[in-house]
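Comments concern the structure below.
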Amino acid sequence: MTASKDTASDISKTLMVIDGHSMAYRAFFALPAENFQTATGQHTNAVYGFLSMLLAMIREQKPTHVAVAFDLDTPTFRSERYSEYKAGRDKTPEEFSGQIDLIKKVMDALQIPSIEVDGYEADDIVATMSTNAAAAGWDARIVSGDRDTFQLINDNVTVLYPMRGVSELPPFDADTIVERYGVTPAQYPELAALVGESADNLPGVPGVGPGFAARWLKKYGSLKGVLDHIDEIGGKKGDALREHLDAVKRNRELNALVTTLELPLSLEEAVLVSPDRNKVSELFDALEFNTIRDRVFTTFDQHLGGAEESEPDVDMPETALIDNLDDWQAFLVGVNEPISVYFHINPPATITRRKIPAPGDYGEIHALGFSTSDATAVIDIDQASAELGLTVAAFLADERYTKVVYDLKTALKALATAPSHSVLPAQRDVNTSIIGVADDVLLSAYILQPDRRGYELADLVQTYLNARLNTVPTSQNQGQLVLEGVNDDNAAQLAQYARNAWMIHQLNDIMGSTLEERGSVELLHDLEIPLSVVLAKIELIGIAIDRQRLDNLLAGFTSEVDKAQESAYASIGGDQVNLASPKQLQIVLFETLDMPKTRKTKTGFSTDADSLADLLEKTDHPFLHNLMAYRDATKLRQTVQGLLDSIADDERVHTRFSQTAAATGRLSSLNPNLQNIPVRTPAGRQIRDIFVAGTNPCVDEPTTLLTADYSQIEMRIMAHMSEDDGLIQAYKDGEDLHRFVGSQVFDVEPDEVTTSMRDKVKAMSYGLAYGLSSFGLSRQLRISVDEARELMSSYFDRFGAVQRYLRNVVRQARKDGYTQTMLGRRRYLPDLQSDNRQLREMAERAALNAPIQGSAADLIKKAMLGVQERLEADGLKSRMILQVHDELILEVIDTEIETAEQILVEEMSAAANLLVPLDVQVGKGYSWHEAAH
DNA sequence: CATAGTACGTA
DNA sequence: CGTACGTACTATGG
């Protein structure tokens, strides 16, 4: 701590005193006990909830002193005064017992005193401490779920009272009490005495609630005032008061908190210090607390560390502006560490960019920033000589120089399509243009945190380096750049690029070691980085479009839209509502036509396809039919229009695969999204007919599209991971899986499984991997919840290993804080610990699904590497052009069809060695539609 | 002009 | 009250 901080804290100390029992009890009911159990069966939900509450309070309230008060089991003066005190309470749940002792142990490890006083309750300790603190001129914060503590509130004392579980503890000051109860804090126990407190088994005056009690207290100033004028109070309530006078007096006596206890420690002894790390670690091991451990340490570190721990801005070396070969050589000489390279590309390839670049435009490299650990440099490509350009290109292609980059794929594409005026010559072959890449910090960040929203360099710097990327360069590093012929603006820009390279260097340092700790280095080096090269190729190649067919489709869908729109208007008397506006539709459906209400949305009632189908069943109104036709047609039209708009000059569509978008490890496709091209309906499938085999620039020979997809990849992964004998055997025998499962679940012979049985089982099997509930299953299959539950239980009876696996996935994730795929790809799910049920259950379903979906993603990524490598090693001209999660699409030279087919099947099947075979289905045809089998 | 909300296509 | 995405549209707030 710095000296200045000490002086400041001398005059403002804050004591936080917690009613341990009351808060533990609240925490116990806020978090489900069954989710917090150690291997030995000890429940820990109250401990966990209490601890996370404590951390939040330390963060928010920043107390200098903390103590926790506990009740003892021994009689108190209250129970001796009134034998019924706190009688009739529900028995403490078994899962709660023992957790108080654990909390005391945790407090001990955190070096926070636990205080107990024989004959008194925790409340009295709280009262005494807060009173003492206030007397000493400190601030006091009481954390308690007991409203009796409200009487302690004054200018120096605030009560933090739990509202929702233990996640929200709004501060109650005198104003809050007046606002909520209409009395002052001092009057509050008097009000409570009149009303009674059922939790303490203290009945008050029957028929008198807080409203009347407050009115009386206001009128007569205090309870004494009320009692002095007791005869003036009329009505039934007045009679009741006179009748229950003794109870009121007793209540007031009992709810008065003792503020004059002899405590076993002084206020100063409650000073907050660093936890005993060894004790904490040991204890948390036993409690199986893994995710909260870091939170404990960082919370205390940040809270106690103050300014001295905040990261200083990264001290960047001076930047050399390189514009000749000698400078370049000087920069490189003696370097034997990775060199980070920042590619300044226009337009920037950021996903968030509003303006979508023209189809086929991959940007141009205008400048390059470089950094080692002790030097930075920048080259203005637009000003560089052809000679320097060639040298830099050679450097990038020289594997002896290890490189660290940000967004390799984008750089490869820009380099591959460099314009002829650039001194960096276009390097069409992305296999060789940039090699020796040890790290792409974009991909590293994705592996470390796959559910981040943004991965822009500035975001990563913010997260990992605690420094700002876009600050103006310091005069120090800019000074070097103010050279003749370089204006200030440009110099600042160029300095920024060097700075970016420096940041990439720093990011690599930090992320590299984290990846190593996690054992994720292989995922980066052997999967994601090589994959980004393959993706660069795929994106550059694109897929050919039959524009004629596309134009015809557009015309056809457009006329269908018009037709449906006219019919829709006609069916509601010519009212020209905007059929694309849910808001206007709600008026038509639920007001004008007065149809039955559908499920609620944030803005009214739903008009989605399911709801419309329900309404159609109930009302049979032609408008619904027309609206659905309109929706279908517009959706198809917009898909077609989107494709039309994204055709590049080569008459091909070049989607971009985002390698960092999906938290599970999947790729995503954008501009346009080719992973959601319709396939289910006949009209939709027409769109697949416009993706065709195109001409291959390397050979003037006819081509064909080849598709290969994994059949039931996720089910197979589930069979593998759960090691369920039944499922494994079914796959080994090559059975119709859903028929087999159907025969087991319904206990009939496989050939007796009806279509309806098979459909139900299929929906359930897939649903299981998503955390489907019996409610969800019942809704989807339009059966009763009981029937759905029945279905699920017979499924789990037959496939018990699946149920055990699914349970265990969530249990393990809760313990570790993350899920893991077959290749060790992690997904962190902090919400598994949330006391918000909806959030927690969402996280549980995500935990269920992530290893399955993610492992499937791992598999096909690995297969893509294998396929690409084989195609090239065998010297084939055929090219991989698309991936749709479980499907690969190749544009093959007709003479290579058989070889390519073989490569696909072999490489995709060999992507993993599972307990079940991997079935790969192949198809071929002129169009994507025809190639589907 | 950016954001939220709804809807809907895929695996 | 089933996971994972991206895009288009309307409505709204600035």
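Bear in mind that the values here come from a model prediction, so they are computed numbers and not experimental data. Chain letters run A, B, ... following the sequence lines, proteins first, then strands; residues in each count from 1. Every heavy atom of this structure was used, including side-chain atoms; hydrogens, water molecules and symmetry mates were not.
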What's the [atom1]-[atom2] distance between [X] and [N], to the nearest Å?
{"X": "A:L585", "N": "B:dT6", "atom1": "CG", "atom2": "C1'", "result": "11 Å"}
{"X": "A:L670", "N": "C:dA4", "atom1": "CG", "atom2": "P", "result": "18 Å"}
{"X": "A:N578", "N": "B:dA7", "atom1": "CG", "atom2": "P", "result": "14 Å"}
{"X": "A:I783", "N": "C:dC1", "atom1": "CD1", "atom2": "P", "result": "19 Å"}

Who pairs with [X] by side chain to side chain contact (heavy atoms under 4.5 Å, CB included), at least two apart in sequence or on another chain?
{"X": "A:D594", "result": "none"}
{"X": "A:N578", "result": "A:A580, A:S581, A:Q584"}
{"X": "A:T291", "result": "A:Y48, A:Q833"}
{"X": "A:A613", "result": "A:M628"}

Return yes if a side-chain donor-acceptor contact under 3.5 Å exists between A:N552 and A:R549, otherwise no. no
Side-chain N or O of [X] versus OP1/OP2 of [N]: is the shortest distance under 4.0 Å?
{"X": "A:R680", "N": "B:dT10", "result": "yes"}
{"X": "A:T639", "N": "B:dG9", "result": "no"}
{"X": "A:T603", "N": "B:dT6", "result": "yes"}
{"X": "A:S581", "N": "C:dA11", "result": "yes"}

By ring pair (Phe, Tyr, Trp, His ring centres under 6.0 Å), which residues pair with A:H738, not counting sequence neighbours? A:Y766
What does the list of N/O pairs under 3.5 Å between the protein and nucleotides 12-14 of chain C look like, with a distance for each?
from, atom 1, to, atom 2, distance (Å)
C:dT12, OP1, A:K583, NZ, 3.4

Using a 4.0 Å heavy-atom cut-off across all strands, classify A:S774 as base, sugar-phosphate, or nothing.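 Contact class for A:S774: none.
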Do A:Y731 and A:M715 come within less than 4.5 Å of each other through their side chains, counting heavy atoms only?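 Contact flag for A:Y731/A:M715 side chains = yes.
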Quick one: side chain to side chain donor-acceptor pair (under 3.5 Å) partners of A:R652, sequence neighbours excluded?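 A:R652: side chain to side chain donor-acceptor pair (under 3.5 Å) contacts with A:E891.
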Any residue meeting side chain to side chain donor-acceptor pair (under 3.5 Å) with A:Q921, in chain and number order, not counting sequence neighbours: A:D919
Please compare A:G642 and A:P450 by the position of their nearest nucleotide in DNA chain C and report the one closer to 5'. A:P450
So if I take residues 837-856 of chain A and measure heavy-atom distances to DNA chain C, which residues fall below 4.0 Å?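 Of all residues in residues 837-856 of chain A, the ones placing a heavy atom under 4.0 Å from DNA chain C are A:R845, A:A846, A:N849, A:Q853.
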Listing request: all side chain to side chain donor-acceptor pair (under 3.5 Å) pairs with a residue in residues 635-645 of chain A, at least two apart in sequence or in separate chains. A:Q641-A:D645
Can you tell me which residue pairs pass the side chain to side chain donor-acceptor pair (under 3.5 Å) test with a partner in residues 555-569 of chain A, sequence neighbours excluded? A:Q565-A:Y569
Can you list the stems that DNA chain C is part of, where a stem is at least 3 pairs in a row, each Watson-Crick or G-U, with both distances below 3.5 Å?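 Ordered by first number, the stems with DNA chain C (at least 3 consecutive pairs each) read B:1-11 with C:3-13.
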Base B:dA7 paired with A:R631 side chain (donor-acceptor, <3.5 Å):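 Result: no qualifying N/O pair found.
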Polar pair under 3.5 Å, donor/acceptor by atom type, side chain A:N676, base B:dG9: yes
